[in-house]
Amino acid sequence: VDGAWVGTWRPHRPRGPIMAQFTSPGPKYSIPGTTGYLLHNPTKTKAPAYTFQRAKPPGTDSCSPGPRYYVQPSITRNGKYVAPAQHMGGLPKITTEVTPGPSDYSTDKANQHLYKCAPAPSMAFRHKAVKTNETPGPGTYTLPRLVGPNTAYTHASPCYSMKGKSKHNGFAEDLAKTPGPAAFPKVEVDTYKKRAPVYTM
């Protein structure tokens with residue numbers, strides 16, 4: 001039961017905020033807080049917000065096998081220390097090749113390089129016959145023209161061309177059809193001479 005009856009009306013909880021219950025303009029116009037990062041008062045300066053990340057997993061290179069494993073004293077931070085020593089191996093396999101001896105060379109031709117000797121022409125086989133019918137004949141080539149406008153390496157001679165009869169300034173021209181002196185307009189004197197003074201009323 002919310003409360004006793006007041007006449008025919010019983011007081012009950014309001015369904016929403018009532019303006020008469022607040023001394024401020026209302027719950028809708030509440031001043032935002034100045035702490036935190038979300039819904040901060042825009043008129044105040046925000047403090048720097050820091051985020052926390054989870055710890056990084058340990059690297060695979062830095063993980064040791066653990067204290068139960070014994071590390072040899074020869075293992076250093078730069079690697080395994082090995083004293084300098086010479087490696088001993090078996091004899092290499094020697095492959096013997098059959099090379100020519102001194103008696104295999106001919107020393108008869110050496111005199112030709114050391115002492116002067118007469119020229120000795122050598123005889124060779126006959127060459128293959130050359131086909132003489134494959135070369136172009138005299139009629140194959142064409143000499144450039146020497147007469148006309150388009151010459152290759154000489155000055156071109158004067159060329160004259162013939163054209164049709166001209167109707168202008170010809171003997172068959174009808175001079176009666178040409179305009180007379182009165183057909184052209186009179187040119188003002190001010191156009192080609194000093195302009196005279198003009199007065200207006």
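Bear in mind the structure is a predicted one, so any value in this text is a computation, not a measurement. We count residues from 1, following the sequence as given.
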_Looking only at side-chain N and O atoms, does Asn41 offer a donor or acceptor that is under 3.5 Å from a partner on Thr43?_
yes
*Working to the nearest 0.5 Å, report the span between CZ of Arg145 and OG1 of Thr154.*
10.0 Å
*About how many Å separate NZ of Lys193 and CD of Glu188, when rounded to the nearest 0.5 Å?*
13.0 Å
_Within 6.0 Å of CG in Leu39, more than 12 heavy atoms from elsewhere_ = no
*First locate atom OG1 of Thr99, then atom CG of Asp104, and finally report the distance between them rounded to the nearest 0.5 Å.*
9.0 Å
*Tell me whether Phe184 is reachable from Val187 by hopping between hydrophobic residues (I, L, V, M, F, W, Y) whose side-chain heavy atoms are closer than 4.5 Å.*
no
*Between NZ on residue Lys44 and OG1 on residue Thr35, distance to nearest 0.5 Å*: 13.0 Å
